[in-house]
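Right, one structure below, let's go through it.
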Amino acid sequence: MNAHLARNSATASPTAQACSVRFGLCCTFLNQPIKFRNTTVKANSRLDRAAALSKLSELCLANAEALHAALRFCADHGIGCFRINSQILPLKTHGVCGYAIEDLPAGGQIVEKFQACGDFASNRKIRTCFHPDQFVVLSSPRDDVVDRGIKEIEYQCEVASWVGADVVNIHGGGAYGDKPSALERFARNFNQLSDRARGRLTIENDDTTYTPADLLPLCRAEGIPLVYDVHHHRCNPDELSLDEATRHALATWNREPLFHVSSPREGWNGGKPKPHHDFINVADFPSGWRTQAVTVEVEAKAKEVAVLKLMKQLSERWFVYMVRCADGSLYTGIAKDLQRRLAQHQAGTASRYTRSRLPVTLEYHEEQPSQSSALKRELKLKALSRSAKEALIRSAV
């Protein structure tokens with residue numbers, strides 16, 4: 001397992017270099033012709049066992065090829081992490097249609113192809129991970145539910161061992177009217193897992209039941225890393241601030257931390273903040289994450305388009321500035337390239353106001369994380385009194 005992954009620097013595009021974050025793409029593509037294949041229990045059950053296993057073998061081989069293509073796309077576009085679909089081996093743990101990899105006609109070849117994906121990912125410094133489906137619940141009071149969950153986790157950890165994935169992430173599950181008892185069951189069942197699975201399993205705060213504050217004691221007691229989902233925390237808050245939750249979550253990791261970001265489909269003023277938007281509002285990306293050596297999976301419906309857009313937005317630098325004109329007046333503006341903007345002012349092409357008051361001198365500037373925040377800050381500075389602006393300029397000297 002790649003327990004301590006190197007940063008994705010050698011292969012990253014320039015847009016990925018502006019902050020320390022490794023960005024993650026989740027499972028599928030919007031525009032790229034990279035498809036993962038699946039089947040249904042109904043379709044599989046129509047075949048005799050030998051034919052069913054042959055068909056499943058074909059699907060697994062096709063998915064290994066698709067995974068290789070997905071990893072190549074990530075490497076070519078500076079995306080440093082790819083979440084592998086839970087059904088990468090279709091029906092693997094189904095009660096009737098399930099199978100061991102050795103049961104498939106091309107079982108050995110399938111493993112080799114996934115191992116080749118792992119070699120490629122390692123060579124190109126791409127992290128891989130898994131996120132089992134919602135039915136995987138270790139806190140359930142029902143033994144059959146827990147048994148199915150353990151079986152699914154073990155399967156995904158088996159594939160994770162082939163590809164070098166170091167995270168298999170699940171939610172806490174239900175509270176069943178008693179959170180402390182549910183989390184105690186989670187801990188007991190966690191310790192039923194194999195060493196391979198315990199070493200990869202992580203837990204994530206959700207948007208309904210378990211907050212970061214709920215899960216952190218379990219994480220510390222059992223050595224389980226917390227995947228901090230900032231969208232879920234905003235939907236389901238606790239006494240921790242965003243920065244506090246980030247700091248506590250970081251401390252639970254013995255390898256590169258992994259977080260989640262998403263934006264609400266209807267905006268934060270809409271009636272339903274939980275459903276994900278097609279894209280990420282750059283204002284929803286915590287500013288404190290930019291300098292952290294973390295993986296951030298982008299949970300957005302537009303998939304690779306959303307990831308690349310967010311990477312580009314976060315690579316941009318915006319400045320709010322004040323210049324002093326020849327008549328002593330102050331002018332406030334924003335710019336992506338501050339030196340270029342100053343040159344435009346001096347040439348008389350930046351502003352009608354400064355054009356007749358040349359030359360100008362730069363008196364103050366500050367960096368902002370986005371154009372939106374720069375515009376908001378510009379309005380605040382423009383609203384300041386002259387004496388307040390002069391005091392701000394003096395404070396920056």
Side-chain angles (χ1 to χ4, degrees), residues 21 24 26 129-141 145-146 149 153 166-191 193 198-264 268-269 272-276 280-281 283-299:
V21 173
C26 297
C129 60
F130 288 81
H131 195 351
D133 296 326
Q134 297 284 357
F135 71 83
V136 176
V137 180
L138 294 187
S139 59
S140 175
V145 172
V146 172
I153 290 168
D166 68 333
V167 168
V168 176
N169 179 53
I170 65 174
H171 288 215
Y176 308 101
D178 186 347
K179 279 187 185 179
S181 296
L183 292 177
E184 285 178 9
R185 286 193 298 273
F186 188 105
R188 287 198 302 271
N189 295 323
F190 168 75
N191 285 294
L193 296 170
R198 285 199 307 275
R200 289 177 168 85
L201 198 75
T202 62
I203 190 169
E204 173 188 350
N205 61 295
D206 62 72
D207 56 12
T208 302
T209 307
Y210 290 105
T211 70
D214 290 330
L215 297 177
L216 281 165
L218 170 70
C219 293
R220 292 166 182 146
E222 301 298 332
I224 305 172
L226 176 65
V227 172
Y228 177 42
D229 189 308
V230 67
H231 183 134
H232 289 171
H233 195 199
R234 287 166 171 151
C235 293
N236 184 22
D238 53 24
E239 67 270 21
L240 297 175
S241 68
L242 184 156
D243 289 340
E244 289 170 334
T246 296
R247 185 175 71 253
H248 290 307
L250 289 171
T252 65
W253 285 84
N254 62 356
R255 52 200 185 275
E256 182 173 305
L258 186 147
F259 292 165
H260 291 172
V261 69
S262 49
S263 289
W268 290 110
N269 293 324
K272 296 180 180 180
K274 294 179 183 180
H276 293 175
I280 304 298
N281 183 334
D284 290 334
F285 193 91
S287 59
W289 288 11
R290 293 178 180 231
T291 56
Q292 297 289 344
V294 299
T295 298
V296 177
E297 290 189 308
V298 178
E299 296 189 325

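This one's a predicted model, so the numbers in the text were calculated from it and none came from an experiment.
Of all the heavy atoms in P132 and I170, the pair that sits closest is CG-CG2, 3.8 Å. For the residue pair V167 and L258, the shortest heavy atom distance occurs at CG2-CD1, 4.5 Å. Residues T295 and E256 share a closest heavy-atom pair of OG1-OE2, 2.6 Å. In plain terms, the two heavy atoms of G149 and V136 that are nearest each other are O-CG1, 3.8 Å. S181 approaches D178 most closely through the heavy-atom pair OG-OD2, 2.7 Å. Across all non-hydrogen atoms, the minimal contact from S139 to G173 is OG-CA, 3.8 Å.
Taken from NE2 in H131 to NE2 in H260, the straight-line distance is 5.0 Å, to the nearest 0.5 Å. Once rounded to the nearest 0.5 Å, the distance linking CZ of R255 with CZ of R200 reads 8.5 Å. In this structure, I280 CD1 and F285 CZ are separated by 9.5 Å, a value rounded to the nearest 0.5 Å. Distance check: H248 NE2 to L240 CG gives 5.5 Å after rounding to the nearest 0.5 Å.
Residues passing the side-chain contact (heavy atoms from CB on, under 4.5 Å) test with P273 are C235, P264, W268, sequence neighbours excluded. Legend: residues meeting side-chain contact (heavy atoms from CB on, under 4.5 Å) with P141, ordered by chain and number and at least two apart, are Y176, R185.
Note on ring orientation: taking the six-membered ring where Trp is involved, the planes of Y228 and F259 are perpendicular (angle over 60°, cut-offs 30° and 60°). Using cut-offs of 30° and 60° on the angle between ring planes, the pair H232 and H171 is perpendicular.
Under the 4.5 Å side-chain criterion, counting only non-hydrogen atoms from C-beta, V21 is in contact with V294. Taking 4.5 Å as the limit, every side-chain heavy atom of D229 sits out of range of all side-chain heavy atoms of D206. Side-chain contact between N169 and E297 is absent, with no heavy atoms from C-beta onward closer than 4.5 Å. Between D284 and V230 the shortest side-chain heavy-atom distance does not fall below 4.5 Å. For the pair N191/E222, a side-chain contact is recorded, criterion being any heavy-atom separation below 4.5 Å from C-beta on. The closest side-chain heavy-atom distance from W253 to V227 is below 4.5 Å. The shortest side-chain heavy-atom distance between F190 and L218 does not fall under the 4.5 Å cut-off. Residues T252 and T202 form no side-chain contact, since every pair of their non-hydrogen atoms from C-beta on lies 4.5 Å or further apart.
Side-chain atoms of E299 and H231 form no donor-acceptor pair, as typed in the model, at a separation below 3.5 Å.
In terms of modelled atom types and a separation under 3.5 Å, the side chain of N281 and the main chain of S263 share no donor-acceptor contact.
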- Message: Please evaluate residues I153 and L138 with respect to the criterion side-chain contact (heavy atoms from CB on, under 4.5 Å), reporting the C-alpha separation (whole Å), side-chain torsions for both, the decisive distance (0.1 Å), and the verdict.
- Response: CA-CA 10 Å; I153 290 168; L138 294 187; 4.1 Å; yes
Donor-acceptor pairs under 3.5 Å, side chain of residues 210-217 to any protein atom, not counting sequence neighbours: which ones?
residue : atom : partner : partner atom : Å
Y210    : OH   : G174    : O            : 3.0
T211    : OG1  : A213    : N            : 3.3
T211    : OG1  : D214    : N            : 3.2
T211    : OG1  : D214    : OD2          : 3.2
T211    : OG1  : D238    : OD2          : 3.0
D214    : OD2  : K179    : NZ           : 2.8
D214    : OD2  : T211    : N            : 3.0

